[in-house]
Structure formats: structure tokens, C-alpha cells
Amino acid sequence: MESKKFLLQEKDIPTAWYNIVADMKNKPLPPLNPKTKEPLKPEDLYPLFAKGLVDQEVNQTDAWIEIPEEVREMYKIWRPTPLVRAYGLEKALDTPAHIYFKNESVSPVGSHKLNSAIPQAYFCKKEGITNITTETGAGQWGASMAMAAKHFGLELAVYMVKVSYNQKPYRRSIMQTFGAEVIASPSMSTRAGRDIITKHPNYQGSLGTAISEAVELAMQTPNCKYVLGSVLNHVMLHQTVIGLEAEKQMEMAGEYPDVVIACFGGGSNFSGIAFPFLRHKLTQGKDLRVVAAEPASCPKLTRGQFQYDFGDEAGYTPLLPMFTLGHNFAPANIHAGGLRYHGAGSIVSQLKKDGLMDAVDIQQLETFKAATLFAQSEGIIPAPESSHAIAAAIREAEQAKIEGKPRTILFNLSGHGLIDMAAYDQYLAGDLTNYEVTDADVEKNLSEIEKIIK
């Protein structure tokens, strides 16, 4: 009998995260002070983030950063996660391709986000912090942070993008079950929120808005720090446990991926699966492709511009080098709430700029068609975000069929969709639509940001 799942033991959980920046020939550009346009020093970030996380953020020399033992112990709750051969999907597509997926949906909160929530809470607790704030799009990050905060005895306030707050009430319930306070964003509780509501009374929110509110609250609350679920270097670092495990599991399967795929919002799960394999490309010249699959309605990698921009809507964050649609970009109300973000992390943006990775944009209806096929053939209902990766993997498998050549595909199943069934209801009823972003919209939005990179 051929193996369906490739399972590691708890002793195989990585003991160190992989810091890809150490192996990059062209390092990411530094974040800038918005007023002076000078590169930020580590101490400039200490008021907002835990010092241990800032030290990871700015580390460009150490390829391996040790995982604290207490974090590894917490990882044992759900790690290592399975690598699965998608025989059912292969059969449904009648493809010569071999398709594998890393199943990150088996975590207690159903997504990969816990990989970074636990170390972020750990470093805050270690510093003596008592309160933390964050934002969440679809709720996976907020749920993960709520669980981690409760474990380490931290008080947590979560600004949840308003459209997802209403679309996904059970994600809100998960956060509240773990003891977090959840606020629909934009809200009247911050100046940033009030300003946005005043200008756009019916605005349904974005991750950029929620970040502004969370940052503002953190800066105004004693003994409080801000934590972030994507985009920043230390988040990408923590997520590499995904790819480091997958590396060992692909060896167990006796194969090596020709292409590695993940959905893309700010870059966390993409980095997690892709960076350990990109290491082989950077250090050994290995021939493989890595592909980020983003929504056609929020196409920062495929249609954005590489420029310094704010990570939030109100302009509270440092200026970050990123592929961006402009921090004022208002994404359509698609169900993949975790991917509705205007920019890409600085590491991913540099890799894209250097031609070391590819990106595709995928329409909402194609993602739900792919998700439904995956559910019917593999028995797992995927999150709308993860369905972008499935759709991209299906494209690769269909191309292998056209060419009549085998191809080994690895993608990250970043979360399950069991709390997203309202979205599936709409899809099955024919009530979902695709959203187009015009070139004029992209150009107008980008024209409003200062051009620091000439």
C-alpha cells in the first residue's frame, strides 16, 4: 500500500528557525523613519515591539535562530503537521503530476498562524509585558494570538476587519472563548478609526485600517506591545517550521518539489513553506520555482509597485520597502479576508524584485471551484485563503497534463474552512462574484504615495 501521509515525530520538530536574509545576496532595504527618511535603528522599534522580536527582525547574519524550549513545548500540541499526497486530487484531474500538501489546518485554531503567535507571546511575556494588541483579517491570526496570549497570561485586544467581523462570527467567538477582547474595525475607539469612519461612514475595513487602530492603542496603553501576524521579518522567520518539516517529509516520500506554492496576503504562510526550499536555490543552485497565489482583487505582487510605503492606512508604521498597491487601497470584500492587504513583506518583495519567485493572481470564483474539488477529492474543506494555493496547484497539474510530463507540486494548506461555510453557501447558491481592479484604480492609488525609490 502506498503512503498517503508522511508523519514526523515530536523529536523532529525543528530546533531552530531559518533566517533566509542571511543567505540573500541582496538584503531587503531597511525600514525608514517616515519623517526623516533615515533607516530605523533597532531601538526605534522597542517602544512598539518586544525587544527579542526586534532583534530577530533586524538579524541579517545568522541563518539559524534557536527556538526557545518553551515555544517548542507548545509546538508539540499540534506539530509536526502531516505532509499528504493528494492522490484523490491527482485522480480527479487525471494528471501525471504528483501533488503534495502540508496540512497546517490541524492546529487547535485551524491554521498556520499559531506558529508565530506562540513565540511572539513568549517574547512579550519574557519582557514583562502585560498587554498586547493586534489586528486580524479573517480571524485566523486573532484566534491564534488569543490562544497564545491566554497561555502566557497576557491581556489581548484584537481589531478585526469589520467585513470579516460580520462574515465570520464564529472566529470572533473563538477569540472571545480564549479571553480576548474583539473590536470591529474601523471603530470609534481610536483616532485612526474615527477619522476613517468620518470620511467613509460605511467603510467595511481593511487590514491596513485594523493595524492603525491596534498600533494606536498599543502606543497609548501602559506596559503594552503590538504584535503582527504577517509582513514583518520575524513573522516570516517563525513560520519556517512549516517548510523545515516539509523538507524532511519530502525526503521520506522520495521526491523533491519542482514547484512550491502558497496563498499570499502579507507573506507569512508563503514564507513558511517556501523559504526553506529557497535556501537550496540560494546556497546550492537548486532548480525549483516558488509561486505566491494572491487574489485578483488585491494583486500587489502581480500589479503593484516596488516602493516604500506604510504598512497601515493611517501612516503610523515605519515606511517599509514592499510591492504595494498603496496604503490607501480599499480591497474588495472577498471572503479570503486574510489576503486583503495592500502590501507584501520586505523579504518577499526583495526576492520578487530579484526574480527568485513568481506570483499569480486568481479570481474568487476559480478559488471556490478549486476548493470544492479539493473537498470532494481529499475530504478537507479548505479556508478561502488556502484555496488560492489549491487553484494555483491545479493550474500546475493541468499544465503537466497538457505537456504530458510529470511534475512534483507542493503546496501549503494554510487552514481549514469549517468556520467559512457561509462563504461556501454563497458560492453554491451562485451569489459570489469576481472583482476587477482596473489599471486606472491601481495607478491612481499608487500616485498618492511618495516615491522614495526612484
- Task: Give the C-alpha distance, both sets of side-chain angles, the deciding distance and a yes or no for side-chain hydrogen bond (donor to acceptor under 3.5 Å, both in side chains) between S349 and S346.
- Result: CA-CA 5 Å; S349 294; S346 60; over 6 Å; no

- F329 ring centre to K300 NZ or CZ under 6.0 Å, with the angle to the axis within 45°? no

- Query: With distance as the sole criterion, is a donor-acceptor pair present between the side chains of T130 and N223 under 3.5 Å?
  - Reply: yes

- Query: Around K5, counting heavy atoms of other residues, nucleotides and ligands shown, do more than 12 lie under 6.0 Å from its NZ?
  - Reply: no

- Item | K281 atom NZ: more than 12 heavy-atom contacts under 6.0 Å | yes

- Does the side chain of T209 pick up a donor-acceptor pair with the side chain of S212 at under 3.5 Å? no

- R407 and salt bridge (charged side-chain N to carboxylate O under 4.0 Å, His left out): which partner among E396, E255, E90? E396

- Note on the structure: The single option from E385, K168, H416 that satisfies side chain to side chain donor-acceptor pair (under 3.5 Å) with Q140 is E385

- Task: Would you indicate whether the side-chain heavy atoms of V231 and V235 approach each other to under 4.5 Å?
- Result: no

- Is the closest side-chain donor-acceptor distance between E403 and Q399 under 3.5 Å? yes

- Is the NZ or CZ atom of R85 both under 6.0 Å from the centre of the six-membered ring of F6 and within 45° of that ring's axis? no

- Query: Is the side chain of R79 donor-acceptor paired with the backbone N or O of P14 at a distance under 3.5 Å, no angle test?
  - Reply: no

- Message: Is it the case that the side chain of R72 and the backbone of I13 share a donor-acceptor pair, with hydrogens and angles ignored and the cut-off at 3.5 Å?
- Response: yes

- Task: May I ask you to check whether over 12 heavy atoms, not counting those of Y170, lie within 6.0 Å of atom OH?
- Result: no

- Message: When you measure from the side chain of Q426 to the backbone of L432, do you find a donor-acceptor pair of N or O atoms at a distance under 3.5 Å?
- Response: no

- Task: Show your working on side-chain hydrogen bond (donor to acceptor under 3.5 Å, both in side chains) between E247 and H280 and close with a plain yes or no.
- Result: CA-CA 10 Å; E247 222 182 336; H280 306 156; 2.7 Å; yes

- Does S107 offer a backbone N or O that forms a donor-acceptor pair with the side chain of S111 under 3.5 Å? no

- Item | Donor-acceptor under 3.5 Å (N269 side chain, C263 main chain) | yes

- Query: Any chance the side chains of Q249 and K102 put a donor and an acceptor closer than 3.5 Å?
  - Reply: yes

- Message: Could you tell me if E155 and N131 have a donor-acceptor pair between their side chains, going purely by distance under 3.5 Å?
- Response: no

- Looking only at atom types and distance, does a side-chain atom of T324 sit under 3.5 Å from a main-chain N or O of D309, one as donor and one as acceptor? no

- Ring centroid separation H327 to F310 under 6.0 Å: yes

- Whether over 12 other heavy atoms sit under 6.0 Å from D431 CG: yes

- Within-4.5 Å side-chain heavy-atom neighbours: T240 and I20: no

- Does a donor on one side chain sit under 3.5 Å from an acceptor on the other, for E213 and Y316? no

- Does K76 come within less than 4.0 Å of E73, counting only side-chain N to carboxylate O? yes

- Message: Checking the side chain of T302 only, and the main-chain atoms of D361 only, is there a donor and an acceptor separated by less than 3.5 Å?
- Response: no

- Any side-chain heavy atom of S230 sitting closer than 4.5 Å to one from Y341? no

- Message: Using modelled atom types and a 3.5 Å cut-off, is there a donor and acceptor pairing between side-chain atoms of N434 and backbone atoms of L365?
- Response: yes

- Taking atom CD of Q9 as the centre, report whether more than 12 heavy atoms of other residues, nucleotides or ligands fall under 6.0 Å from it. no

- Query: Do T81 and E104 have a side chain donor and acceptor closer than 3.5 Å?
  - Reply: yes

- Task: Output yes when a side-chain donor or acceptor of K113 lies under 3.5 Å from a complementary backbone atom of G229, and no otherwise.
- Result: yes

- Do other residues, nucleotides or ligands put more than 12 heavy atoms under 6.0 Å from the NZ atom of K126? no

- Item | Pairwise side-chain contact, I118 with F152, heavy-atom cut-off 4.5 Å (strictly under) | yes

- More than 12 heavy atoms of other residues, nucleotides or ligands under 6.0 Å from CD of E66: is that the case? no

- Query: Does the side chain of I381 reach to within under 4.5 Å of the side chain of M421, using non-hydrogen atoms?
  - Reply: yes

- Item | K91 and S377: side chain donor to acceptor below 3.5 Å | no

- Query: Counting only heavy atoms not in K4, do more than 12 fall under 6.0 Å of its NZ?
  - Reply: yes

- Query: Given the side-chain rings of F270 and F264, with only the six-membered ring counted for Trp, is the space between their centroids under 6.0 Å?
  - Reply: yes

- Message: Under a 3.5 Å threshold, yes or no: a donor from one side chain and an acceptor from the other, between H342 and E313?
- Response: no

- For the residue pair Y75 and W17, does the interplanar ring angle fall in the parallel (under 30°), tilted (30 to 60°) or perpendicular (over 60°) class? perpendicular

- Message: Does this structure show an ion pair linking R279 with D23, if we count only N-O contacts that are shorter than 4.0 Å?
- Response: no

- Give a yes or no on whether the backbone of I129 and the side-chain of K225 come within a donor-acceptor separation of less than 3.5 Å. no

